[in-house]
Amino acid sequence: MTEQEKETKSMNVPNHIAIILDGNGRWAKAKGMPRSYGHVKGCANLETVCDYMKELGVKYVTVYAFSTENWKRSKEEVDGLMKLFRSYLKKCIKLADKNKMRVRVIGEISAFDQNIQDSIVHLEEYSQKYDEIYFQIALNYGSRDEIVRGIRKLAQDAVDGKVKPEEIDEHVFDNYLDTAGIPDPDLMIRTSGELRLSNFLLWQMAYTEFYFTDVAWPDFNKAELVKAIEKYNQRDRRYGGVKEE
């Protein structure tokens, strides 16, 4: 066992890591390639990094792949991303088998073409039998949209008498979100130098540790992941309390 492997074994590995996959287009442009090339490479890297996550013992991984705001991009880029999603969702069946991985898509999928919606439903149903790692993909996802959708469902249940207003607390509301049943992220990683959340898991990341790196997503590798976890290990997570002396 190498020194790095020994150090990795002794780390406190986050139970749930969320990632904002940023920088694919800029990475490609810097190489004189179209933005679509960056998205393809970024998608391939996602498979590799998921393997690293499982190897290190991460149980939950949530990635921000397409936001509710990303529809504003050029038609050419959006069309390319839809084509990529179609192929990746099918490939995810094999990835689920390989990693014994349960997959869930969070976000409002009704905006996608029917064949993409069908692939999502099939993938989720197929991978329900696995529980070694839980993989969430945020597609047409925006945290404010998720919260509003959750409030509408909760309000309707209150009107229907299924829940009493005085019974509503944060734990009840958790069950109306796309992430119901999934623990909150311990660590959020954002690549490519941007220092914002971009409407990602705002409710769920109330006490998440943040790690920002200038490395573009296609170049994010195992060494960079270990570096992020090492930084996480240096944080003092008190959840609003005071550490005992």
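- Remark: Lys54 NZ is packed, more than 12 non-hydrogen atoms of other residues, nucleotides or ligands lying under 6.0 Å away.
- With respect to the salt-bridge test (charged N to carboxylate O, under 4.0 angstrom), the residues Lys59 and Glu132 do not qualify.
- Summarising the geometry, atom CG belonging to Asn115 is positioned 9.0 Å from atom CD belonging to Gln117; distances are rounded to the nearest 0.5 Å.
- Ring geometry for Trp71 against Phe66 counts as perpendicular: the plane angle is over 60°, on a 0 to 90° scale with 30° as the lower cut.
- Contacts classified as salt bridge (Lys or Arg N to Asp or Glu O under 4.0 Å) and involving residues 109-119 (residues at least two apart or in different chains) are given here: Arg86-Asp113.
- For Tyr141, the side chain to side chain donor-acceptor pair (under 3.5 Å) partners two or more places apart in sequence, or in a different chain, are Glu146.
- Glu166 pairs by the salt bridge (charged side-chain N to carboxylate O under 4.0 Å, His left out) definition with nothing, not counting sequence neighbours.
- Legend: residues meeting side chain to side chain donor-acceptor pair (under 3.5 Å) with Asp79, ordered by chain and number and at least two apart, are Lys75.
- Within the 3.5 Å criterion, the main-chain N or O of Leu21 finds no donor-acceptor partner in the side chain of Thr191.
- With sequence neighbours excluded, no residue satisfies salt bridge (charged side-chain N to carboxylate O under 4.0 Å, His left out) with Asp131.
- Listed by chain and residue number, nothing satisfies the salt bridge (charged side-chain N to carboxylate O under 4.0 Å, His left out) test with Glu69 (two or more places apart in sequence, or in another chain).
- Here the side chain of Gln136 pairs a donor or acceptor atom with the backbone of Val61 at under 3.5 angstrom.
- In this structure, NE2 in His122 is found 10.0 Å from NZ in Lys90, a value given to the nearest 0.5 Å.
- Using the six-membered ring where Trp is involved, Phe212 and Phe210 have ring planes that are perpendicular, over 60° apart on the 30 and 60° scheme.
- Qualifying side chain to side chain donor-acceptor pair (under 3.5 Å) partners for Asn70, counting only residues two or more places apart in sequence or in other chains: Ser67.
- For the pair Asn45 (side chain) and Phe220 (backbone), a donor-acceptor distance under 3.5 Å is present.
- Closest approach of Cys43 and Tyr88 over heavy atoms only: SG-CD1, 3.2 Å.
- At least one donor-acceptor pair closer than 3.5 Å links the side chain of Asn233 to the backbone N or O of Ile229.
- How far OH of Tyr64 is from CZ of Phe200: 7.5 Å, rounded to the nearest 0.5 Å.
- Contacts of Glu76 classified as side chain to side chain contact (heavy atoms under 4.5 Å, CB included), with partners at least two apart in sequence or in another chain: Ser74.
- Between the side chain of Thr208 and the backbone N or O of Pro185, at least one donor-acceptor pair lies under 3.5 Å.
- Judged by distance alone, the side chain of Tyr207 and the main-chain N or O of Asp186 form no donor-acceptor pair under 3.5 Å.
- Contact record, Thr68 with Gly142: CG2-N, 3.5 Å, taken as the closest heavy-atom pair.
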Can you give the donor-acceptor pairs under 3.5 Å from side chains of residues 100-108 to other protein atoms, not counting sequence neighbours?
{"from": "Lys100", "atom 1": "NZ", "to": "Asp97", "atom 2": "O", "distance (Å)": "3.1"}
{"from": "Arg102", "atom 1": "NE", "to": "Gln128", "atom 2": "O", "distance (Å)": "3.3"}
{"from": "Arg102", "atom 1": "NE", "to": "Tyr130", "atom 2": "O", "distance (Å)": "2.9"}
{"from": "Arg102", "atom 1": "NH2", "to": "Gln128", "atom 2": "O", "distance (Å)": "3.0"}
{"from": "Arg102", "atom 1": "NH2", "to": "Tyr130", "atom 2": "O", "distance (Å)": "3.2"}
{"from": "Arg104", "atom 1": "NH1", "to": "Asp178", "atom 2": "O", "distance (Å)": "2.7"}
{"from": "Arg104", "atom 1": "NH1", "to": "Ala180", "atom 2": "O", "distance (Å)": "3.0"}
{"from": "Arg104", "atom 1": "NH2", "to": "Ala180", "atom 2": "O", "distance (Å)": "3.0"}
{"from": "Glu108", "atom 1": "OE2", "to": "Ser110", "atom 2": "N", "distance (Å)": "3.2"}
{"from": "Glu108", "atom 1": "OE2", "to": "Ser110", "atom 2": "OG", "distance (Å)": "2.8"}

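- Looking at residues two or more places apart in sequence or on another chain, you find a side chain to side chain contact (heavy atoms under 4.5 Å, CB included) between Lys162 and Asp157, Asp160.
- Within the cation-pi definition used here (under 6.0 Å to the ring centroid, within 45° of the axis), Lys129 qualifies as a partner of Tyr126.
- Counting all heavy atoms, side chain and backbone alike, Pro218 lies closest to Lys41 at CB-CB, 4.4 Å.
- Classified by interplanar angle (parallel below 30°, tilted 30° to 60°, perpendicular above 60°), the ring pair Phe112/Phe85 is perpendicular.
- Checked against salt bridge (charged side-chain N to carboxylate O under 4.0 Å, His left out), Asp219 has no partners two or more places apart in sequence or in another chain.
- The closest side-chain donor-acceptor pair between Asp184 and Trp203, if any, does not fall under 3.5 angstrom.
- Residues Leu187 and Ala228 share a closest heavy-atom pair of CD2-O, 4.1 Å.
- With sequence neighbours excluded, no residue forms a side chain to side chain contact (heavy atoms under 4.5 Å, CB included) with Lys29.
- For Glu47 and Lys98, the salt-bridge test passes: some basic side-chain N is under 4.0 Å from an acidic carboxylate O.
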